[in-house]
Amino acid sequence: MATQKETVRLLCKSIVTRLENQKAITFPARLRQIVQDEVFSLVGPYILTEEDLRERTLAKMGAKTEALQDSGFAESDQYRAAKNIVRGTFGDDELNGFFFQKPLKTVANTIAQYLMRSSHIDDVYETDEDLEKQIVEVVRKFDPANLH
């Protein structure tokens with residue numbers, strides 16, 4: 001099974017593929033992997049997964065385990081309490097199991113700006129706004145459960 005970071009990588013691949021298929025962007029086929037990797041490296045740090053949430057929760061518990069034990073929580077209650085605290089730091093920007101550290105529109109804008117400036121992209125046939133709309137649409141429709 002793919003790790004959840006690989007799922008974020010597949011999301012980035014889906015975005016690039018969709019934009020290419022919709023003729024919104026063109027680039028040499030030999031550069032496809034480079035473009036996908038650059039999009040992932042650009043926005044990957046802003047898209048966390050359940051796996052990231054779990055790691056942060058366990059790290060937070062490490063710092064607060066003693067305080068939670070004093071209050072008499074069971075282990076699962078401790079984990080749930082810590083997970084809720086960590087999840088609360090993500091705000092409302094959760095979609096399909098991804099937790100966005102920046103609003104989705106900002107992430108889409110970051111990708112659009114990259115596409116406009118990248119030396120790997122031959123042409124962009126859409127406005128920034130249309131690119132952002134298409135990127136947001138891909139993210140909203142992306143379902144990691146359908147990747148098998």
Side-chain angles (χ1 to χ4, degrees), residues 1-64 73-148:
M1 180 164 172
T3 67
Q4 292 191 10
K5 272 299 176 193
E6 288 170 354
T7 305
V8 175
R9 189 175 289 281
L10 288 171
L11 171 64
C12 293
K13 179 180 179 179
S14 294
I15 291 168
V16 172
T17 301
R18 169 79 182 276
L19 293 175
E20 184 181 21
N21 290 344
Q22 297 288 327
K23 308 283 189 242
I25 59 173
T26 58
F27 54 86
R30 64 185 167 74
L31 298 179
R32 183 172 290 109
Q33 188 65 50
I34 292 170
V35 171
Q36 291 168 1
D37 289 346
E38 287 181 346
V39 169
F40 174 74
S41 66
L42 198 62
V43 299
Y46 302 117
I47 304 173
L48 300 180
T49 63
E50 285 286 341
E51 196 174 90
D52 297 318
L53 176 62
R54 184 176 185 279
E55 287 173 14
R56 287 187 180 195
T57 300
L58 292 173
K60 186 154 200 77
M61 283 181 70
K64 306 232 180 187
F73 279 118
E75 186 69 21
S76 60
D77 290 337
Q78 289 177 7
Y79 179 78
R80 273 196 294 271
K83 184 175 180 179
N84 287 337
I85 291 168
V86 172
R87 194 173 209 159
T89 65
F90 294 155
D92 295 329
D93 295 320
E94 180 197 353
L95 188 62
N96 297 331
F98 295 120
F99 301 93
F100 292 85
Q101 300 301 287
K102 291 187 175 187
L104 178 54
K105 183 157 177 48
T106 302
V107 171
N109 177 270
T110 300
I111 295 171
Q113 293 305 307
Y114 158 78
L115 295 171
M116 293 290 189
R117 290 190 312 266
S118 175
S119 61
H120 299 115
I121 304 295
D122 288 342
D123 276 307
V124 177
Y125 298 103
E126 301 285 349
T127 64
D128 289 11
E129 190 174 289
D130 287 338
L131 279 175
E132 289 173 27
K133 284 179 187 173
Q134 288 183 43
I135 292 165
V136 167
E137 184 181 325
V138 171
V139 174
R140 286 200 172 127
K141 290 182 177 179
F142 187 81
D143 185 359
N146 291 334
L147 294 176
H148 317 254

| query | Which of these passes side chain to side chain contact (heavy atoms under 4.5 Å, CB included) with Leu115: Ile25, Thr110, Asp123? | reply |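 That would be Ile25; it is the only one of Ile25, Thr110, Asp123 passing the side chain to side chain contact (heavy atoms under 4.5 Å, CB included) with Leu115.
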
With rounding to the nearest 0.5 Å, note down the distance linking [atom1] in [X] to [atom2] in [Y].
{"X": "Ile111", "Y": "Thr106", "atom1": "CD1", "atom2": "OG1", "result": "11.5 Å"}
{"X": "Gln22", "Y": "Thr17", "atom1": "CD", "atom2": "OG1", "result": "11.5 Å"}
{"X": "Glu126", "Y": "Gln134", "atom1": "CD", "atom2": "CD", "result": "5.0 Å"}
{"X": "Cys12", "Y": "Leu42", "atom1": "SG", "atom2": "CG", "result": "9.0 Å"}
{"X": "Ile34", "Y": "His120", "atom1": "CD1", "atom2": "NE2", "result": "5.0 Å"}

| query | What's the shortest heavy-atom distance between Ala112 and Asp128, and which atoms? | reply | CB-O, 4.3 Å

| Considering all heavy atoms, the nearest Gly44-Val8 contact | CA-CG1, 4.3 Å

Got a sec, which residues hit side chain to side chain donor-acceptor pair (under 3.5 Å) with [X], two or more places apart in sequence or on another chain?
{"X": "Lys105", "value": "Glu132"}
{"X": "Asn21", "value": "none"}
{"X": "Asp37", "value": "Arg9, Gln33"}
{"X": "Tyr114", "value": "Glu38, Ser118"}

In the structure I gave you, are the side-chain heavy atoms of [X] and [Y] within less than 4.5 Å of one another anywhere?
{"X": "Phe142", "Y": "Ile15", "value": "no"}
{"X": "Tyr125", "Y": "Thr26", "value": "yes"}
{"X": "Val16", "Y": "Phe27", "value": "yes"}
{"X": "Phe98", "Y": "Thr49", "value": "yes"}
{"X": "Met116", "Y": "Leu131", "value": "yes"}
{"X": "Ile135", "Y": "Leu19", "value": "yes"}
{"X": "Lys102", "Y": "Val43", "value": "no"}
{"X": "Leu104", "Y": "Val139", "value": "yes"}

| message | Using a 6.0 Å cut-off, check whether atom CD of Gln113 has over 12 heavy atoms from anything other than its own residue. | response | yes

| task | Only counting residues at least two apart or in another chain, list the ones meeting salt bridge (Lys or Arg N to Asp or Glu O under 4.0 Å) with Lys141. | result |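 Partners of Lys141 under the salt bridge (Lys or Arg N to Asp or Glu O under 4.0 Å) test: Glu137.
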
| task | Could you list the residues that satisfy salt bridge (Lys or Arg N to Asp or Glu O under 4.0 Å) with Glu20, not counting sequence neighbours? | result |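 So Glu20 forms a salt bridge (Lys or Arg N to Asp or Glu O under 4.0 Å) with Arg32.
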
| All side-chain contact (heavy atoms from CB on, under 4.5 Å) counterparts of Pro45, not counting sequence neighbours | none

